[in-house]
Amino acid sequence: MMNKLKNALVPLTNLQFQHRGIAKVRLKWVKNRSIDHIIDKETDLKAASLLKDAIKRSSTGFLTAKTFADWQKLLGLTVPVLRFMRRYPTLFHEFPHPRWNSLPCFRLTETAELLDSQEQNIYTLHENDTVERLSRLLMMMKTRTVPLQSLYPLKFDLGFPDSFEKTLIPKYPENFQFVKAPNGVSAVRLARWCDEFAVSALQKSNECESDQYREFKRGKTALVFPMRFPRGYGGQKKVRFWMDEFQKLPYISPYADSSKIDPKSDLMEKRVVGVLHEILSLCLHKKTKRNYLRSLREELNLPHKFTRIFTRYPGIFYLSLKCKTTTVTLREGYARGKLVDPHPLARHRDKFYHVMRTGLLYRGDGSLKVGEDALMVDSMENDEMGDGDSEEEEVETSDEFCEDEVSDSDDSSSE
(Lines give C-alpha, C1' and ligand atoms only; values in the text may rest on other atoms or scores of the structure.)
Protein backbone atom coordinates (compact mmCIF):
# COMPACT_ATOMS: atom_id res chain seq x y z
CA MET A 1 0.00 0.00 0.00
CA MET A 2 2.85 2.36 0.87
CA ASN A 3 4.56 1.87 -2.51
CA LYS A 4 1.25 2.28 -4.32
CA LEU A 5 0.62 5.62 -2.64
CA LYS A 6 4.15 6.85 -3.17
CA ASN A 7 3.95 6.11 -6.89
CA ALA A 8 0.56 7.79 -7.20
CA LEU A 9 1.58 11.03 -5.52
CA VAL A 10 3.72 12.36 -8.36
CA PRO A 11 3.84 11.73 -12.13
CA LEU A 12 7.55 11.01 -12.39
CA THR A 13 7.07 10.06 -16.01
CA ASN A 14 7.33 13.78 -16.85
CA LEU A 15 10.83 13.29 -18.20
CA GLN A 16 10.71 16.63 -20.00
CA PHE A 17 11.27 18.28 -16.61
CA GLN A 18 14.29 16.10 -15.77
CA HIS A 19 16.78 18.77 -16.83
CA ARG A 20 17.92 22.31 -16.08
CA GLY A 21 15.88 24.63 -18.23
CA ILE A 22 14.92 27.57 -16.02
CA ALA A 23 17.39 30.45 -15.94
CA LYS A 24 18.18 31.49 -12.39
CA VAL A 25 18.06 35.12 -11.30
CA ARG A 26 20.51 36.52 -8.78
CA LEU A 27 18.52 38.20 -6.01
CA LYS A 28 19.45 40.48 -3.17
CA TRP A 29 18.97 39.29 0.39
CA VAL A 30 16.53 41.57 2.18
CA LYS A 31 16.63 41.93 5.94
CA ASN A 32 13.15 41.78 7.47
CA ARG A 33 13.14 43.60 10.81
CA SER A 34 9.72 42.26 11.78
CA ILE A 35 10.69 38.58 11.49
CA ASP A 36 14.10 39.30 13.02
CA HIS A 37 12.31 40.80 16.02
CA ILE A 38 10.19 37.65 16.37
CA ILE A 39 13.30 35.45 16.23
CA ASP A 40 15.05 37.63 18.82
CA LYS A 41 12.04 37.39 21.16
CA GLU A 42 11.52 33.65 20.73
CA THR A 43 15.21 32.88 21.27
CA ASP A 44 14.76 34.05 24.86
CA LEU A 45 11.44 32.22 25.09
CA LYS A 46 13.00 28.94 23.94
CA ALA A 47 15.98 29.29 26.29
CA ALA A 48 13.71 29.96 29.28
CA SER A 49 11.49 27.01 28.36
CA LEU A 50 14.46 24.64 28.06
CA LEU A 51 15.86 25.84 31.39
CA LYS A 52 12.47 25.27 32.99
CA ASP A 53 12.47 21.69 31.71
CA ALA A 54 16.05 21.15 32.92
CA ILE A 55 15.10 22.28 36.43
CA LYS A 56 12.12 19.91 36.39
CA ARG A 57 14.36 17.00 35.40
CA SER A 58 16.87 17.72 38.15
CA SER A 59 16.68 15.28 41.06
CA THR A 60 17.24 18.17 43.50
CA GLY A 61 14.57 20.42 41.97
CA PHE A 62 17.11 23.16 41.25
CA LEU A 63 20.15 23.95 39.12
CA THR A 64 23.43 25.44 40.28
CA ALA A 65 25.29 28.12 38.34
CA LYS A 66 28.11 25.61 37.88
CA THR A 67 25.75 23.14 36.18
CA PHE A 68 24.69 25.51 33.38
CA ALA A 69 27.92 27.50 33.10
CA ASP A 70 28.67 26.17 29.60
CA TRP A 71 25.11 26.05 28.25
CA GLN A 72 25.12 29.48 26.57
CA LYS A 73 25.79 28.21 23.04
CA LEU A 74 23.49 25.22 23.54
CA LEU A 75 20.62 27.54 24.45
CA GLY A 76 21.38 29.97 21.64
CA LEU A 77 21.93 32.88 24.02
CA THR A 78 24.11 35.93 23.42
CA VAL A 79 24.62 36.50 27.17
CA PRO A 80 25.86 34.17 29.96
CA VAL A 81 23.15 31.84 31.30
CA LEU A 82 23.52 33.18 34.86
CA ARG A 83 22.80 36.73 33.70
CA PHE A 84 19.88 35.47 31.62
CA MET A 85 18.22 33.64 34.53
CA ARG A 86 18.64 36.62 36.85
CA ARG A 87 16.88 38.72 34.23
CA TYR A 88 13.61 36.76 34.70
CA PRO A 89 12.84 36.45 38.43
CA THR A 90 9.16 35.73 37.74
CA LEU A 91 10.27 32.32 36.42
CA PHE A 92 13.48 31.51 38.28
CA HIS A 93 13.97 31.99 42.01
CA GLU A 94 17.60 32.47 43.03
CA PHE A 95 18.93 31.27 46.38
CA PRO A 96 22.35 30.30 47.83
CA HIS A 97 23.44 26.66 47.78
CA PRO A 98 22.69 24.87 51.09
CA ARG A 99 26.39 23.99 51.51
CA TRP A 100 28.26 26.64 49.51
CA ASN A 101 26.72 30.06 50.06
CA SER A 102 28.65 31.69 47.23
CA LEU A 103 27.19 29.27 44.65
CA PRO A 104 23.95 30.63 43.13
CA CYS A 105 21.09 28.17 42.64
CA PHE A 106 17.77 28.47 40.82
CA ARG A 107 14.42 26.77 41.27
CA LEU A 108 11.10 27.41 39.54
CA THR A 109 8.77 30.01 41.00
CA GLU A 110 5.13 29.18 41.70
CA THR A 111 4.21 31.12 38.58
CA ALA A 112 6.57 29.02 36.45
CA GLU A 113 5.17 25.81 37.95
CA LEU A 114 1.62 26.95 37.14
CA LEU A 115 2.60 27.74 33.55
CA ASP A 116 4.28 24.36 33.24
CA SER A 117 1.17 22.62 34.54
CA GLN A 118 -0.92 24.38 31.89
CA GLU A 119 1.64 23.39 29.25
CA GLN A 120 1.44 19.72 30.23
CA ASN A 121 -2.34 19.86 29.93
CA ILE A 122 -1.99 21.18 26.37
CA TYR A 123 0.40 18.32 25.50
CA THR A 124 -2.15 15.85 26.82
CA LEU A 125 -5.13 17.41 25.03
CA HIS A 126 -3.28 17.65 21.71
CA GLU A 127 -1.21 14.48 21.89
CA ASN A 128 -2.74 13.19 18.65
CA ASP A 129 -1.39 16.29 16.88
CA THR A 130 2.10 15.54 18.20
CA VAL A 131 1.89 11.92 17.03
CA GLU A 132 0.83 13.15 13.59
CA ARG A 133 3.73 15.64 13.34
CA LEU A 134 6.29 12.99 14.28
CA SER A 135 4.70 10.48 11.89
CA ARG A 136 4.74 12.93 9.00
CA LEU A 137 8.36 13.83 9.66
CA LEU A 138 9.35 10.15 9.57
CA MET A 139 7.26 9.56 6.44
CA MET A 140 9.46 12.04 4.57
CA MET A 141 12.64 10.08 5.35
CA LYS A 142 14.09 7.57 2.88
CA THR A 143 14.29 4.83 5.54
CA ARG A 144 11.40 6.22 7.66
CA THR A 145 14.00 6.56 10.42
CA VAL A 146 15.53 9.53 12.30
CA PRO A 147 18.31 9.37 14.94
CA LEU A 148 17.14 10.69 18.29
CA GLN A 149 20.16 12.99 18.37
CA SER A 150 18.73 14.74 15.28
CA LEU A 151 15.27 15.04 16.85
CA TYR A 152 16.39 16.54 20.17
CA PRO A 153 17.35 19.96 18.69
CA LEU A 154 13.98 20.09 16.89
CA LYS A 155 11.98 19.24 20.00
CA PHE A 156 10.92 22.80 20.81
CA ASP A 157 10.24 23.76 17.18
CA LEU A 158 8.08 20.68 16.50
CA GLY A 159 6.22 20.99 19.80
CA PHE A 160 7.38 17.71 21.31
CA PRO A 161 7.13 17.34 25.10
CA ASP A 162 10.28 17.15 27.19
CA SER A 163 11.68 13.59 27.28
CA PHE A 164 9.32 12.67 24.43
CA GLU A 165 11.40 9.54 23.82
CA LYS A 166 10.28 8.29 27.26
CA THR A 167 6.81 9.77 27.61
CA LEU A 168 5.39 9.81 24.07
CA ILE A 169 6.99 7.26 21.74
CA PRO A 170 6.57 4.18 24.01
CA LYS A 171 2.82 4.93 24.26
CA TYR A 172 2.37 4.34 20.52
CA PRO A 173 4.14 1.09 19.58
CA GLU A 174 1.80 0.72 16.61
CA ASN A 175 3.21 4.00 15.20
CA PHE A 176 6.87 4.06 16.29
CA GLN A 177 9.66 1.72 17.26
CA PHE A 178 13.17 2.23 18.58
CA VAL A 179 15.99 0.89 16.42
CA LYS A 180 19.75 1.16 16.08
CA ALA A 181 20.92 3.25 13.14
CA PRO A 182 23.75 1.88 10.94
CA ASN A 183 26.24 4.03 12.88
CA GLY A 184 25.05 2.51 16.16
CA VAL A 185 23.09 5.47 17.55
CA SER A 186 19.54 5.14 18.85
CA ALA A 187 16.84 6.10 16.37
CA VAL A 188 13.07 6.08 16.01
CA ARG A 189 11.43 4.39 13.01
CA LEU A 190 7.94 4.67 11.58
CA ALA A 191 6.09 1.42 12.28
CA ARG A 192 2.95 2.19 10.28
CA TRP A 193 2.38 4.28 7.16
CA CYS A 194 -0.76 6.41 7.37
CA ASP A 195 -2.29 7.47 4.05
CA GLU A 196 -4.22 10.24 5.78
CA PHE A 197 -0.98 11.92 6.90
CA ALA A 198 0.63 11.76 3.44
CA VAL A 199 -1.01 15.03 2.37
CA SER A 200 1.26 18.05 2.47
CA ALA A 201 0.38 21.42 3.97
CA LEU A 202 0.42 22.91 0.46
CA GLN A 203 -2.06 20.31 -0.75
CA LYS A 204 -4.34 20.94 2.23
CA SER A 205 -4.28 24.70 1.67
CA ASN A 206 -5.31 24.18 -1.97
CA GLU A 207 -8.16 21.80 -1.21
CA CYS A 208 -10.47 24.74 -0.57
CA GLU A 209 -9.88 25.91 -4.15
CA SER A 210 -11.77 22.91 -5.44
CA ASP A 211 -11.44 23.52 -9.20
CA GLN A 212 -7.68 24.05 -9.14
CA TYR A 213 -7.11 21.13 -6.79
CA ARG A 214 -9.33 18.87 -8.90
CA GLU A 215 -7.23 19.74 -11.95
CA PHE A 216 -4.05 19.05 -9.96
CA LYS A 217 -5.27 15.59 -8.92
CA ARG A 218 -5.99 14.85 -12.57
CA GLY A 219 -2.41 15.78 -13.42
CA LYS A 220 -3.48 18.76 -15.56
CA THR A 221 -1.98 21.54 -13.46
CA ALA A 222 0.67 22.17 -10.80
CA LEU A 223 0.15 23.41 -7.27
CA VAL A 224 1.33 26.96 -6.68
CA PHE A 225 3.46 27.93 -3.69
CA PRO A 226 2.22 31.08 -1.90
CA MET A 227 4.81 33.82 -2.31
CA ARG A 228 5.24 37.02 -0.33
CA PHE A 229 8.11 38.85 -1.92
CA PRO A 230 10.05 41.56 -0.14
CA ARG A 231 9.07 45.01 -1.35
CA GLY A 232 10.17 45.67 -4.91
CA TYR A 233 10.71 42.08 -6.04
CA GLY A 234 7.18 41.42 -7.27
CA GLY A 235 7.39 44.11 -9.94
CA GLN A 236 10.62 42.87 -11.52
CA LYS A 237 9.88 41.19 -14.86
CA LYS A 238 12.83 38.81 -14.65
CA VAL A 239 11.72 37.64 -11.20
CA ARG A 240 8.08 37.23 -12.28
CA PHE A 241 9.12 35.21 -15.35
CA TRP A 242 11.42 32.98 -13.29
CA MET A 243 8.76 32.32 -10.66
CA ASP A 244 6.07 31.69 -13.28
CA GLU A 245 8.26 29.03 -14.89
CA PHE A 246 9.03 27.53 -11.49
CA GLN A 247 5.36 27.37 -10.50
CA LYS A 248 4.48 25.55 -13.75
CA LEU A 249 6.74 22.62 -12.84
CA PRO A 250 4.92 19.52 -11.50
CA TYR A 251 4.45 19.54 -7.74
CA ILE A 252 6.15 16.60 -6.03
CA SER A 253 4.78 15.56 -2.68
CA PRO A 254 7.44 15.45 0.07
CA TYR A 255 6.02 12.02 0.93
CA ALA A 256 6.68 10.59 -2.54
CA ASP A 257 9.68 8.54 -3.64
CA SER A 258 12.20 10.90 -5.27
CA SER A 259 14.98 8.40 -5.97
CA LYS A 260 14.36 8.45 -9.75
CA ILE A 261 14.49 12.22 -10.14
CA ASP A 262 17.64 13.68 -11.67
CA PRO A 263 19.32 15.45 -8.72
CA LYS A 264 20.48 18.28 -11.02
CA SER A 265 17.10 18.94 -12.59
CA ASP A 266 14.61 21.76 -12.10
CA LEU A 267 12.13 19.12 -10.96
CA MET A 268 14.40 18.12 -8.08
CA GLU A 269 14.83 21.77 -7.10
CA LYS A 270 11.07 22.18 -6.86
CA ARG A 271 10.87 18.95 -4.88
CA VAL A 272 13.49 20.34 -2.43
CA VAL A 273 11.43 23.53 -2.04
CA GLY A 274 8.41 21.36 -1.27
CA VAL A 275 10.24 19.29 1.35
CA LEU A 276 11.59 22.37 3.15
CA HIS A 277 8.16 24.02 2.93
CA GLU A 278 6.57 20.95 4.55
CA ILE A 279 9.09 20.69 7.40
CA LEU A 280 8.68 24.38 8.26
CA SER A 281 4.90 23.90 8.10
CA LEU A 282 5.23 21.17 10.74
CA CYS A 283 7.10 23.54 13.07
CA LEU A 284 4.79 25.33 15.50
CA HIS A 285 6.42 28.72 14.85
CA LYS A 286 7.02 28.02 11.12
CA LYS A 287 10.77 28.36 11.56
CA THR A 288 13.85 26.46 12.69
CA LYS A 289 17.62 26.72 12.60
CA ARG A 290 19.40 25.90 9.38
CA ASN A 291 21.83 23.49 11.07
CA TYR A 292 18.95 21.41 12.46
CA LEU A 293 17.87 20.67 8.89
CA ARG A 294 21.39 19.80 7.81
CA SER A 295 21.39 16.78 10.12
CA LEU A 296 18.41 15.40 8.17
CA ARG A 297 19.83 16.09 4.70
CA GLU A 298 20.67 12.54 3.63
CA GLU A 299 17.44 11.00 4.89
CA LEU A 300 15.43 13.70 3.12
CA ASN A 301 17.40 13.15 -0.10
CA LEU A 302 18.48 16.79 -0.27
CA PRO A 303 21.53 18.01 -2.23
CA HIS A 304 24.69 19.04 -0.37
CA LYS A 305 24.09 22.76 -0.86
CA PHE A 306 20.33 22.66 -0.36
CA THR A 307 20.42 25.71 1.94
CA ARG A 308 20.94 27.95 -1.10
CA ILE A 309 17.25 27.38 -1.75
CA PHE A 310 16.38 29.70 1.15
CA THR A 311 17.80 32.81 -0.55
CA ARG A 312 16.97 31.66 -4.07
CA TYR A 313 13.25 31.72 -3.20
CA PRO A 314 12.82 34.77 -0.92
CA GLY A 315 9.08 34.84 -1.63
CA ILE A 316 8.71 31.51 0.19
CA PHE A 317 11.50 31.57 2.80
CA TYR A 318 13.26 34.17 4.90
CA LEU A 319 16.78 33.57 6.18
CA SER A 320 17.73 35.49 9.33
CA LEU A 321 21.11 36.01 10.98
CA LYS A 322 19.75 37.21 14.32
CA CYS A 323 21.17 35.95 17.62
CA LYS A 324 24.46 34.79 16.08
CA THR A 325 22.82 31.92 14.23
CA THR A 326 20.97 31.27 10.97
CA THR A 327 17.22 30.73 11.18
CA VAL A 328 14.94 29.94 8.26
CA THR A 329 11.29 31.02 8.36
CA LEU A 330 8.28 30.22 6.20
CA ARG A 331 6.99 33.63 5.11
CA GLU A 332 3.37 32.57 4.66
CA GLY A 333 3.28 31.51 8.32
CA TYR A 334 3.29 35.16 9.44
CA ALA A 335 1.14 38.20 8.76
CA ARG A 336 1.71 41.61 10.37
CA GLY A 337 4.27 40.18 12.76
CA LYS A 338 2.09 37.35 14.09
CA LEU A 339 1.52 33.66 13.37
CA VAL A 340 -1.35 33.22 10.93
CA ASP A 341 -2.75 30.06 12.53
CA PRO A 342 -1.14 29.55 15.95
CA HIS A 343 -1.27 26.12 17.59
CA PRO A 344 -2.62 26.10 21.20
CA LEU A 345 0.92 25.40 22.42
CA ALA A 346 2.22 28.44 20.50
CA ARG A 347 -0.48 30.58 22.13
CA HIS A 348 0.54 29.27 25.54
CA ARG A 349 4.16 30.13 24.78
CA ASP A 350 3.02 33.70 24.10
CA LYS A 351 1.57 33.73 27.61
CA PHE A 352 4.84 32.33 28.94
CA TYR A 353 6.78 35.12 27.23
CA HIS A 354 4.30 37.69 28.52
CA VAL A 355 5.08 36.56 32.09
CA MET A 356 8.79 36.84 31.32
CA ARG A 357 8.33 40.41 30.06
CA THR A 358 6.13 41.59 32.92
CA GLY A 359 8.73 40.42 35.43
CA LEU A 360 11.81 41.62 33.58
CA LEU A 361 14.65 42.73 35.83
CA TYR A 362 16.24 45.88 34.48
CA ARG A 363 19.95 45.85 35.16
CA GLY A 364 20.28 49.64 35.10
CA ASP A 365 18.80 50.24 38.55
CA GLY A 366 18.11 46.66 39.64
CA SER A 367 14.36 47.30 39.72
CA LEU A 368 11.72 44.73 38.87
CA LYS A 369 9.45 45.94 36.09
CA VAL A 370 5.97 44.55 36.73
CA GLY A 371 2.45 45.42 35.66
CA GLU A 372 1.07 48.03 33.27
CA ASP A 373 4.39 49.73 32.46
CA ALA A 374 5.90 46.47 31.23
CA LEU A 375 2.75 45.61 29.32
CA MET A 376 2.91 49.00 27.61
CA VAL A 377 6.54 48.43 26.58
CA ASP A 378 5.73 45.02 25.10
CA SER A 379 2.64 46.35 23.32
CA MET A 380 4.61 49.22 21.77
CA GLU A 381 7.22 46.79 20.47
CA ASN A 382 4.53 44.62 18.87
CA ASP A 383 2.87 47.64 17.26
CA GLU A 384 6.16 48.88 15.82
CA MET A 385 6.89 45.49 14.30
CA GLY A 386 3.32 44.80 13.23
CA ASP A 387 3.71 45.08 9.48
CA GLY A 388 6.00 42.33 8.26
CA ASP A 389 6.75 44.09 4.96
CA SER A 390 7.40 47.60 6.23
CA GLU A 391 10.74 47.03 7.92
CA GLU A 392 12.95 45.61 5.19
CA GLU A 393 16.48 46.45 4.16
CA GLU A 394 18.25 45.33 1.01
CA VAL A 395 21.68 43.74 1.25
CA GLU A 396 23.67 42.81 -1.85
CA THR A 397 24.74 39.18 -1.66
CA SER A 398 25.77 36.29 -3.85
CA ASP A 399 24.38 32.80 -4.31
CA GLU A 400 26.91 31.61 -1.75
CA PHE A 401 25.08 33.42 1.04
CA CYS A 402 23.52 30.29 2.47
CA GLU A 403 26.87 28.56 2.78
CA ASP A 404 28.96 31.48 4.01
CA GLU A 405 27.09 33.71 6.43
CA VAL A 406 27.27 37.45 6.06
CA SER A 407 27.29 39.74 9.05
CA ASP A 408 25.01 42.63 9.87
CA SER A 409 27.96 44.95 9.29
CA ASP A 410 27.88 44.35 5.51
CA ASP A 411 27.04 47.30 3.33
CA SER A 412 23.32 47.88 3.24
CA SER A 413 20.95 50.61 2.26
CA SER A 414 17.44 51.08 3.50
CA GLU A 415 14.59 51.13 1.04
S.K.: Is the Tyr255 ring parallel, tilted or perpendicular to the Trp193 ring (thresholds 30°, 60°)?
M.R.: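 Ring orientation, 0 to 90° scale: perpendicular.
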S.K.: Would you check if the side chain of Thr145 reaches a backbone N or O of Thr143 as a donor-acceptor pair within less than 3.5 Å?
M.R.: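 Side chain of Thr145 to backbone of Thr143: a pair is present.
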S.K.: Is the His285 to His343 ring centre distance short of 6.0 Å?
M.R.: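 Ring centroids of His285 and His343 are no less than 6.0 Å from each other.
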S.K.: When you measure from the side chain of Thr109 to the backbone of His93, do you find a donor-acceptor pair of N or O atoms at a distance under 3.5 Å?
M.R.: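 Checked: no pair found.
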S.K.: Going by side chain to side chain donor-acceptor pair (under 3.5 Å), name the pairs with one or both residues in residues 172-185, residues two or more places apart or in two chains.
M.R.: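 Sorted result for residues 172-185: Glu127-Tyr172.
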S.K.: Under a 4.0 Å N-O cut-off, is there an ion pair linking Glu113 with Lys56?
M.R.: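 Judged by the 4.0 Å cut-off on N to carboxylate O distance, Glu113 and Lys56 do not form a salt bridge.
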S.K.: What I want to find out is whether Lys287 reaches Asp157 closely enough, with some N-O distance under 4.0 Å, to be called a salt bridge.
M.R.: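 No, this pair does not count.
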S.K.: Has the side chain of Arg228 got a donor or acceptor atom that lies under 3.5 Å from a matching backbone atom of Tyr334?
M.R.: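 Such a contact is found between Arg228 side chain and Tyr334 backbone.
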S.K.: Do Ile316 and Arg331 make a side-chain contact, defined as non-hydrogen atoms from C-beta onward lying under 4.5 Å apart?
M.R.: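 No, their side chains stay 4.5 Å or more apart.
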S.K.: Mark yes or no for whether Ser150, through its side chain, and Val146, through its backbone, hold a donor-acceptor pair below 3.5 Å.
M.R.: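 No; zero donor-acceptor contacts below 3.5 Å.
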S.K.: Within 45° of the ring axis of Tyr251 and under 6.0 Å from its six-membered ring centre, is that where the NZ or CZ of Arg271 lies?
M.R.: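 Verdict for Tyr251: no cation-pi partner in Arg271.
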S.K.: Taking only residues two or more places apart in sequence or in another chain, which ones pass ring-ring contact (aromatic ring centres under 6.0 Å, His included) with Phe317?
M.R.: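 Per chain and number, Phe317 pairs via ring-ring contact (aromatic ring centres under 6.0 Å, His included) with Phe310.
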S.K.: Taking the side chain from Thr111 and the backbone from Leu91, do they hold a donor-acceptor pair closer than 3.5 Å?
M.R.: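 Such a contact is absent between Thr111 side chain and Leu91 backbone.
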S.K.: Salt bridge check, Glu278 against Arg136: does any charged N sit closer than 4.0 Å to a carboxylate O?
M.R.: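 Yes.
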S.K.: For Glu299, give me all partners under salt bridge (Lys or Arg N to Asp or Glu O under 4.0 Å), at least two apart in sequence or on another chain.
M.R.: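 Listed in chain order: nothing, the list is empty.
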S.K.: Begin with the C-alpha distance, continue with both residues' side-chain angles, and end with the deciding distance and a verdict on ring-ring contact (aromatic ring centres under 6.0 Å, His included) for Trp71 and Phe84.
M.R.: CA-CA 11 Å; Trp71 289 6; Phe84 176 81; over 10 Å; no
S.K.: Using modelled atom types only, decide if a donor and an acceptor are shared between the side chain of Arg133 and the backbone of Leu158 within a distance under 3.5 Å.
M.R.: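 Here the side-chain-to-backbone pair exists.
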S.K.: Is Glu94 paired with Arg86 through a side-chain N to carboxylate O contact shorter than 4.0 Å?
M.R.: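 Looking at Glu94 together with Arg86, the answer is yes, because their closest N to O distance falls below 4.0 Å.
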S.K.: Ignoring hydrogens and angles, write down the donor-acceptor pairs under 3.5 Å from the side chains of residues 159-166, residues two or more places apart or on other chains.
M.R.:
unit_1	atom_1	unit_2	atom_2	d
Asp162	OD1	Arg57	NH1	2.7
Asp162	OD1	Lys155	NZ	2.9
Asp162	OD2	Arg57	NH1	2.8

S.K.: Show your reasoning for whether salt bridge (charged side-chain N to carboxylate O under 4.0 Å, His left out) applies to Arg312 and Glu269.
M.R.: CA-CA 11 Å; Arg312 192 173 291 168; Glu269 181 159 311; 2.9 Å; yes
S.K.: Can you sort out the partners of His277 under ring-ring contact (aromatic ring centres under 6.0 Å, His included), two or more places apart, ordered by chain and number?
M.R.: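 In terms of ring-ring contact (aromatic ring centres under 6.0 Å, His included), with neighbours along the sequence ignored, His277 is linked to Phe225.
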S.K.: Around atom CD of Glu298, are there more than 12 heavy atoms from other residues, nucleotides or ligands closer than 6.0 Å?
M.R.: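 12 or below, so no.
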S.K.: Within the side chain of Arg107, is there an N or O that forms a donor-acceptor pair under 3.5 Å with the backbone of Gly61?
M.R.: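 No, the answer is negative, given that no donor and acceptor are paired below the 3.5 Å cut-off.
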S.K.: Looking at residues at least two apart in the chain, or sitting in another chain, which of them share a ring-ring contact (aromatic ring centres under 6.0 Å, His included) with Phe62?
M.R.: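 Phe62: ring-ring contact (aromatic ring centres under 6.0 Å, His included) contacts with Phe95.
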